[in-house]
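Predicted model only: the values in this text are computed from it and were never measured. The analysis underlying the following values was restricted to heavy atoms, covering all of them including side chains, and did not include hydrogens, waters or symmetry mates.
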Amino acid sequence: MRGTRTSVAVAALGLCLAGTAACGGGGDEAFKGQSADQIAAKAVEATRQAESMHMKGTVVQSGGQKVGIDLAVDSQKNCQGTVTNAQAVSDIRHKDATLYVKGNSAYWQASLKQQPQSEKMVPKVADKWVRVPADDDQLTGLCDKQGLLASMDEDKSERQGMSRGDTTTIDGKKAVELKKQKDGATQSMFVAADGKPYVLKVTTTGTKAETTVFTDYNKPVDPPQPPADQTVDLKQLAAQK
């Protein structure tokens, strides 16, 4: 579970090149007179102020394992989406301070392998909505938008030494590229140049190529409550003999 949370945190802002860019008018005038580092610094604050966002992409863990994410999250910790790690797939919903996870057998086999009698638990939880204990910060951290953003800005040197690339189009929207070379790879962040300057896409090239697309800024995140007859409580199951 810890690896999955870390991977999603990395994806959330593209290897610490976080957020949205400085506020301003449309086109290149939005960033006139600002260096890439200045835009990146203002980007962190702008991202914190966004009420919600939807991120979708693939990141690479330290061991080379690819993790797919498709997650909408807001500043109230409401979230809904899917995380895929090899054969392990989990759907996630967090609403009203309650986290539900619907994972396949591969997900629960990996998640519960350190638990006693895990082989008996997996059939009880696989493909069901599982209510996760509130103190499981490993999983609830996936839905903590502000926590994800804060973790990405712990090392501010990660967003320094950037340069400005070309103006391009991402999904039909004009965007300005900010980029940085690190460890033989190019890290790029594409920032909307019209309207509010949100990040539209972040990429990393090289042996650990990654891409994450950001959409639906400030749109409500309102996951439905899982059906009661399809929901089980993990803590109660664990207490059963």
Side-chain angles (χ1 to χ4, degrees), residues 8-59 69-82 94-95 141-156 158-180 186-204 210-223:
V8 173
V10 169
L13 292 179
L15 296 176
C16 302
L17 302 181
T20 62
C23 294
D28 291 349
E29 291 298 313
F31 313 108
K32 186 176 181 179
Q34 300 178 60
S35 69
D37 282 3
Q38 289 173 328
I39 296 172
K42 292 181 180 180
V44 176
E45 182 59 27
T47 302
R48 291 182 188 274
Q49 293 178 2
E51 178 61 27
S52 64
M53 62 185 180
H54 181 186
M55 50 188 153
K56 183 176 182 179
T58 303
V59 296
I69 60 163
D70 187 350
L71 186 69
V73 59
D74 69 14
S75 59
Q76 303 303 312
K77 299 185 179 180
N78 297 308
C79 77
Q80 181 175 7
T82 303
H94 189 274
K95 184 178 182 180
L142 289 172
C143 298
D144 184 358
K145 172 183 174 288
Q146 300 301 347
L148 292 175
L149 300 182
S151 68
M152 291 301 94
D153 199 40
E154 289 178 347
D155 184 0
K156 292 178 174 54
E158 290 286 351
R159 55 177 171 83
Q160 296 173 351
M162 301 179 71
S163 62
R164 182 168 171 171
D166 296 329
T167 299
T168 185
T169 300
I170 302 293
D171 218 12
K173 299 178 181 179
K174 186 181 292 185
V176 174
E177 181 184 11
L178 303 179
K179 56 186 178 180
K180 178 178 180 178
T186 300
Q187 300 172 340
S188 296
M189 176 171 63
F190 298 87
V191 181
D194 292 323
K196 292 207 172 183
Y198 294 125
V199 163
L200 300 180
K201 184 178 181 180
V202 291
T203 63
T204 299
E210 301 176 335
T211 298
T212 304
V213 177
F214 297 83
T215 59
D216 296 343
Y217 281 98
N218 299 312
K219 288 190 176 181
V221 179
D222 189 21

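- For Ser163, the side chain to side chain contact (heavy atoms under 4.5 Å, CB included) partners are Lys179, not counting sequence neighbours.
- Atom OG1 of Thr215 sits about 13.0 Å away from atom NZ of Lys201, to the nearest 0.5 Å.
- Between the Ser52 side chain and the Lys219 main chain, a donor and an acceptor come within less than 3.5 Å of each other.
- The minimum heavy-atom distance linking Met189 with Met162 is given by the pair CE-CE, 4.5 Å.
- Taking 4.5 Å as the limit, every side-chain heavy atom of Met53 sits out of range of all side-chain heavy atoms of Tyr198.
- Rounded to the nearest 0.5 angstrom, Gln80 CD and Cys143 SG are separated by 10.0 Å.
- Closest non-hydrogen pair, Gln38 versus Ser35, comes out as OE1-N, 2.8 Å.
- Between the CG atom in Asp216 and the CG atom in Asp74 there is a gap of 12.5 Å [rounded to 0.5 Å].
- With hydrogens and angles ignored, the 3.5 Å screen pairs a side-chain donor or acceptor of Lys145 with a backbone N or O of Ala50.
- Distance alone, capped at 3.5 Å, is enough to place a donor-acceptor pair between the Asp37 side chain and the Gly161 backbone.
- The two residues Lys95 and Asn78 make their nearest non-hydrogen contact at CA-OD1, 3.6 Å.
- With Asn218 contributing its side chain and Glu51 its backbone, the two residues share a donor-acceptor pair below 3.5 Å.
- Interatomic distance, CZ of Phe190 versus OG1 of Thr167, reported as 11.0 Å (0.5 Å rounding).
- Rounding to the nearest 0.5 Å places OH of Tyr217 at 7.5 Å from CG of Leu200.
- Ion pairing of Lys173 with Asp194 is absent here, as no side-chain N (NZ or NE/NH1/NH2) approaches a carboxylate O to less than 4.0 Å.
- Between the CG atom of Asp70 and the OG1 atom of Thr212 there is a distance of 11.0 Å, given to the nearest 0.5 Å.
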